[in-house]
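Index from 1, following the sequence. Note that the structure is predicted; figures quoted are calculated from it, not measured.
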Amino acid sequence: MSSPTPDRPAARTDRDHDDDARPLPQITPKQAKRINAPVQGMIISMAVLLLLVLPLVWLQPRPDGEPYRPDVDVALEASYVADQSPFPPVVPEPGEEWTANYARWNGGAAEGVPYWEIGWVTPGGRFVELVQTSLANPTWLAQQAETLPATGTADAGGARWDVHVREASDDAGALTVYTGEAAGSTLVVKGDADRAELDHLAAAAVEALAAAPETPATDPTAPETPEGP
């Protein structure tokens, strides 16, 4: 009986011998420098760009985290439109923490109803708008209330207000609208502020109208009646 033949290493082929004998490629320092040149140039360019941009960023004023609040003189703006308004433009004084960011007159060219409007940023950082006219009609009032139905009432400044509410949704933000009458004017108070701030402005508007001189309501679009001899 023959003994088992021990395993023998596989025979090396000429190809294996050629692989061992083939020298590995060598890169000279000059070639390595040429290869690394684009990377170094990119790093230098980024460093130069940062040195140019960072000073500009540091020089920019830092935001204070509050909305922009222009200081509009509501009384002054009201004096400009008093001659063309058929009613005394209301100038509420809600307090120093309330900041008016616009006050303007709308002659009613599109709506057919002239009105005075003021916008405020509230102490809570919300926006509230006051609209006033003495020539309101149901269509105009519905547009100002954004066609929201009245869902309740509120008492502010001794006046009764209808309250229209829109809950926040994916299509629109929350909105609360007060509509009421005071001293011969129709008033609309609306915004995304809480009810306490809306009550506060509504009361301030009623108080301001009570203190304003009365002016008979007239239609500015009507033709003037010639005076008699």
*Assess the pair Y102 and W116: is the distance between their ring centroids shorter than 6.0 Å?*
no
*asked:* So, using ring-ring contact (aromatic ring centres under 6.0 Å, His included) as the criterion, who are the partners of H164 when residues are at least two apart?
replied: none
_Under the side-chain hydrogen bond (donor to acceptor under 3.5 Å, both in side chains) test, residues paired with E207 that sit two or more places apart_ = none
_CD-CG distance between E129 and L198, expressed to the nearest 0.5 angstrom_ = 12.0 Å
*Other residues, nucleotides, ligands: >12 heavy atoms within 6.0 Å of E181 CD*: yes
*What heavy-atom pair brings A182 and L187 nearest, and what distance separates the two atoms?*
CB-CD1, 4.1 Å
*Indicate the atoms forming the closest heavy-atom contact of G107 with P114, along with that distance.*
O-CB, 3.7 Å
*Going from CG on D199 to CG on D194, what distance comes out if it is rounded to the nearest 0.5 angstrom?*
9.0 Å
*Kindly write out the residues that satisfy side chain to side chain contact (heavy atoms under 4.5 Å, CB included) with V163, not counting sequence neighbours, or none if the list is empty.*
A154, V165, T176, Y178, R195
*How about W140 and Y115: are their ring centres within less than 6.0 Å of each other?*
yes
*asked:* I need the minimum non-hydrogen distance between V90 and A208, along with the two atoms involved.
replied: CG2-CB, 3.7 Å
*asked:* Measuring from atom CG of L201 to atom NZ of K190, what distance do you get when rounded to the nearest 0.5 angstrom?
replied: 13.0 Å
*asked:* My understanding is that only residues two or more places apart in sequence, or in another chain, count here; which of them pass salt bridge (charged side-chain N to carboxylate O under 4.0 Å, His left out) with D192?
replied: R126
*Given the rule in the side chain to side chain contact (heavy atoms under 4.5 Å, CB included) test, do T186 and T179 qualify, once you have shown the distances and angles that lead to the verdict?*
CA-CA 7 Å; T186 299; T179 56; 5.9 Å; no
*Exercise: identify the closest heavy-atom pair between L209 and A183*: CB-CB, 4.0 Å
*Criterion side chain to side chain contact (heavy atoms under 4.5 Å, CB included) on T122 and W98, from CA distance to verdict*: CA-CA 5 Å; T122 74; W98 290 65; 3.7 Å; yes
*asked:* According to salt bridge (Lys or Arg N to Asp or Glu O under 4.0 Å), does anything in residues 132-156 pair up with another residue at least two apart or in another chain? List the pairs.
replied: E146-R166, D155-R160
*For the pair S79 (side chain) and L76 (backbone), establish whether a donor and an acceptor sit closer than 3.5 Å, ignoring hydrogens and angles.*
yes
*Looking at V189, N106, V177, V188, which one forms a side chain to side chain contact (heavy atoms under 4.5 Å, CB included) with V131?*
V188
*Got L130 and W120 here, is their nearest side-chain heavy-atom distance under 4.5 Å?*
yes
*Heavy-atom closest pair, residues A193 and V128*: CB-CG2, 3.5 Å
*asked:* Looking at T153 and W161, would you say the former's side chain and the latter's main chain have a donor-acceptor pair under 3.5 Å?
replied: no
*Begin from the C-alpha positions of F87 and W105 and carry the test ring pair (Phe, Tyr, Trp, His ring centres under 6.0 Å) through to its verdict.*
CA-CA 12 Å; F87 52 86; W105 171 252; 5.8 Å; yes
*Set of salt bridge (charged side-chain N to carboxylate O under 4.0 Å, His left out) partners for E117, sequence neighbours left out*: R104
*Atom CD1 of I118 and atom CD of E77: how far apart are they, to the nearest 0.5 Å?*
10.0 Å
_Approximate separation, where rounding is to 0.5 Å, of T133 OG1 and E111 CD_ = 10.0 Å
